[in-house]
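Just below is one structure, and these are the notes that go with it.
What you are looking at is a predicted structure, and each value in this text was computed from that prediction instead of being measured. Chain letters run A, B, ... following the sequence lines, proteins first and then strands; every chain starts at 1.
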Protein chains: 2
Amino acid sequence: MLGVVRIFQPVHGYDVRRELLSWHLDGWMNTKTGSVYSALKILEKDRLITGTALAGEPGRPERTEYVVTAEGEKEFQKLLRTSWWQVKRPAEPLVPALSLMLFMSRGELKSALGARLKQLAAQRDELAFIRASIEDGATGADGDVPEHVREVIDFGDSRIKGELEWTRSFLKRLNEGTYSFADERNMDGHPRPPDTIDARRKSL
Amino acid sequence: MLGVVRIFQPVHGYDVRRELLSWHLDGWMNTKTGSVYSALKILEKDRLITGTALAGEPGRPERTEYVVTAEGEKEFQKLLRTSWWQVKRPAEPLVPALSLMLFMSRGELKSALGARLKQLAAQRDELAFIRASIEDGATGADGDVPEHVREVIDFGDSRIKGELEWTRSFLKRLNEGTYSFADERNMDGHPRPPDTIDARRKSL
DNA sequence: CGAATTATAGGCAAATTTGACTATCGACGT
DNA sequence: ACGTCGATAGTCAAATTTGCCTATAATTCG
């Protein structure tokens, strides 16, 4: 990401990785270690940044520091502004599974949703913890995480709240017997009546 | 995606694309035309599906139909269940821009957020429209979209609601003068007082 | 001290995705 | 009868990403 270089320049690849981690952006972007270096190379090829090989210090000759060029600065502003002005839908990892939900059994699906509720709650706790570790008025001038990174946390938290709400309402619908699952299909194609009656039948 | 083949088998590549579109999954998954065919080839290589070349009909000899193997069925169940039991965080496209927000001006950011609110509202309207086009009790047996696809819509709608809430609260914070933007930095490094005072100063 | 682990720095082959392209058939208007 | 447009069906090179690998300094720990 061009922006990271823009903030921390001059930087080398390892710095970029480190800062992405320290701002806790790794959970919301898919940036693996390897892709940082190739991204930098591509940016350099496109003349948006320029790299200088640093040999200086004793045993560490292999290090390339990058700075943003004038062209890169222009491109950066353009990218930043379109990111803000244009809403882009993220790829939701649950959607494929959701489309295939009828291949599960109603019982397992309910259990899985319960597990998801717990995991989502745990994620929110973790976010709260990270948020609390950001100092009031931090500017990022020292090595610290600047205050506005809290917005990243809050943004994520809101999305999770949204998913929590949907999960609860979906669970309610499942309990009411909505939909006909793979293990419930009988002649007429209607869903089976809810659990109480099933249980009675079983006890016969 | 293995699952799509599982539902519609036997299918060929073009079918897969068509069904993904008809279920409106394209907005939440990143599946471009080309990737469908390579995905099918990989699944075939791994023996999860088997393809049969169909020449039959007049002018269209090039067509390969796929069915899921026994192994593929097992793998399918495994993938489906881990997708449900394990919450995975999506890559949020706004997060990079959010981290770089201080490189914007407060004014433009507020305008952009206003535009986002409108776009998000429009997306919800569109989702409502699609949702309404799904018939009650549809099973997907004919060419229609099965009823449970509504859950996909509702899931997405909840995420959007979450983003809407955050956007409004962020806008409020911006109006209160929180954070110090690139165009607002003065000696002491503190944010400027809120708009009212700015306006007064301007009128002098 | 010496060994093991962690932090620093980066490379690269293989897998995957992208996006633009080819080619045929049928329907439609003119 | 002809050109065009959209739907059908799929290919492929180039761009990108992934995972795992190398190597040295620094730090920890019994």
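Interatomic distance, CD1 of A:I42 versus OH of A:Y37, reported as 15.0 Å (0.5 Å rounding). With rounding to the nearest 0.5 Å, the separation of CZ in B:R116 from CD in A:Q86 is 9.5 Å. Separating the OG atom in B:S99 from the CD atom in A:E19 is a distance of 12.0 Å, to the nearest 0.5 Å. For the atom pair A:E184 CD and A:R106 CZ, the distance stands at 4.0 Å (nearest 0.5 Å).
Among the heavy atoms of the strands lying under 4.0 Å from A:T33 is at least one base atom, whether or not backbone atoms are also near.
B:E65 places its CD atom 14 Å from the C1' atom of D:dG10, with the value rounded to the nearest Å. We find that CZ of A:R63 is positioned 13 Å from P of C:dG11, with the value rounded to whole Å. In this structure, the OH atom of A:Y66 is 11 Å from the C1' atom of C:dA9, given to the nearest Å. In this structure, the CG atom of A:N30 is 10 Å from the P atom of D:dG19, given to the nearest Å.
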Would you sort out whether A:W85 and B:Q119 count as a side chain to side chain donor-acceptor pair (under 3.5 Å), showing the intermediate values? CA-CA 9 Å; A:W85 284 93; B:Q119 287 177 57; over 6 Å; no

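Residue pairs that meet the side-chain hydrogen bond (donor to acceptor under 3.5 Å, both in side chains) test with at least one member in residues 66-80 of chain B, sequence neighbours left out, are B:R6-B:E73.
More than 12 heavy atoms of other residues, nucleotides or ligands lie within 6.0 Å of CZ in B:R173, so this atom counts as buried by the packing criterion.
The shortest side-chain heavy-atom distance between A:R150 and A:D136 falls under the 4.5 Å cut-off.
The stretch residues 34-51 of chain B touches DNA chain C through B:G34, B:S35, B:S38, B:I42, each having a heavy atom under 4.0 angstrom from the strand. For the contact set between residues 12-29 of chain B and DNA chain C, defined by any heavy atom under 4.0 Å, there are no members.
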